[in-house]
*Asks:* 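Shown below is the structure under consideration.
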Amino acid sequence: MTDRARSRRDPRSPAEWVTFTVAALIVGGIAGAVAWLWIRGFDRPADAVVRRSGPVRQVGSRFYVRVEVDNRGDRTAQAVQVVAELTQRGEVVEEAEQTVDFLSGGEVETVEFVFTEDPASGELAVRVAGFLLP
């Protein structure tokens, strides 16, 4: 029996239409995602940036400053070096350094700096000093 003869006698059941619709939506979604990724591209270089995330916390005689390191690029950054400098009256009184081993594209890591001087007593500058390209 040919397909033409079958279609005249047995119309598609609701289950077949539902299955077809779900399969078409899945295939369309995958095709749309591939097209979006192709247009957007995933070849942006690593772009590590820092921002303070939260208030200064004091425990005993130490002051803790939490910082988020964000890779806004698509490629991985290795050995991301983050430096914090506490300046009072134009002079650096304390400096701290952290290293994030790997930071994938779009990943955010949190680090914490520890100071003996209160960061509120001066100006705290936090920056990315550099990273390796794996």
*Asks:* The criterion is side chain to side chain contact (heavy atoms under 4.5 Å, CB included); which residues satisfy it with Asp47, sequence neighbours excluded?
*Replies:*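 Per chain and number, Asp47 pairs via side chain to side chain contact (heavy atoms under 4.5 Å, CB included) with Val49, Arg72.
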*Asks:* Got more than 12 heavy atoms from elsewhere within 6.0 Å of CZ, Arg62?
*Replies:*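 For Arg62, atom CZ is not crowded (no more than 12 foreign heavy atoms under 6.0 Å).
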*Asks:* Residues sharing Val108's hydrophobic cluster, by side-chain heavy-atom contacts under 4.5 Å among ILVMFWY, directly or via others?
*Replies:*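 When side chains under 4.5 Å apart are linked, Val108 ends up in no cluster with other residues.
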*Asks:* Starting from Val59, walk the hydrophobic network (Ile, Leu, Val, Met, Phe, Trp, Tyr; side-chain heavy atoms closer than 4.5 Å) and list everyone else you reach, by chain and number.
*Replies:*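 Under the 4.5 Å side-chain rule, Val59 groups with Tyr64, Val114.
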*Asks:* Taking a hydrophobic cluster as the set of Ile, Leu, Val, Met, Phe, Trp and Tyr residues connected by side-chain heavy atoms closer than 4.5 Å, whether directly or through intermediates, do Trp17 and Leu25 fall within one such cluster?
*Replies:*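 Cluster IDs for Trp17 and Leu25 differ.
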*Asks:* Output the rest of the hydrophobic cluster of Leu132: all Ile, Leu, Val, Met, Phe, Trp and Tyr residues reachable through side-chain heavy-atom contacts under 4.5 Å, sorted by chain and number.
*Replies:*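 Once heavy-atom contacts under 4.5 Å are chained together, Leu132 still belongs with nothing else.
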*Asks:* Mind listing the closest non-hydrogen atom pair of Val111 and Phe113 along with its distance?
*Replies:*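 Taking Val111 first and Phe113 second, the nearest heavy atoms are CG2-CE1, 4.1 Å.
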*Asks:* Tell me every residue that passes side chain to side chain contact (heavy atoms under 4.5 Å, CB included) with Ser13, counting only those two or more places apart in sequence or in another chain.
*Replies:*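 Ser13: side chain to side chain contact (heavy atoms under 4.5 Å, CB included) contacts with Ala15, Glu16.
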*Asks:* Any side chain to side chain donor-acceptor pair (under 3.5 Å) involving residues 114-123? Give me the pairs, sequence neighbours left out, ordered by first then second residue.
*Replies:*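 Sorted pair list: Gln88-Ser121, Glu94-Thr116.
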*Asks:* Report the C-alpha separation of Glu109 and Leu103 in whole Å, then their side-chain angles, then the decisive distance to 0.1 Å, and conclude whether the side chain to side chain contact (heavy atoms under 4.5 Å, CB included) test is met.
*Replies:* CA-CA 7 Å; Glu109 281 288 330; Leu103 198 59; 3.6 Å; yes
*Asks:* Run the side chain to side chain contact (heavy atoms under 4.5 Å, CB included) test against Thr110 and tell me which residues pass, sequence neighbours left out.
*Replies:*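 With neighbours one apart ignored, the set is Arg66, Glu68.
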*Asks:* Under 4.5 Å between side-chain heavy atoms, hopping through other hydrophobics if needed: is there a path connecting Val69 to Phe102?
*Replies:*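 Different clusters: Val69 never reaches Phe102 through Ile, Leu, Val, Met, Phe, Trp or Tyr contacts under 4.5 Å.
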*Asks:* Side chains of residues 124-131: which donor-acceptor partners sit under 3.5 Å, not counting sequence neighbours?
*Replies:*
none

*Asks:* Output all residues satisfying side chain to side chain contact (heavy atoms under 4.5 Å, CB included) with Val27, sequence neighbours left out; order by chain, then residue number.
*Replies:*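 If we apply the side chain to side chain contact (heavy atoms under 4.5 Å, CB included) test to Val27, skipping adjacent residues, there are no hits.
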*Asks:* Compile the donor-acceptor pairs under 3.5 Å between side chains in residues 76-86 and protein atoms, sequence neighbours left out, one pair per line.
*Replies:*
unit_1	atom_1	unit_2	atom_2	d
Gln81	NE2	Glu97	OE1	3.2
Gln81	NE2	Glu97	OE2	2.8

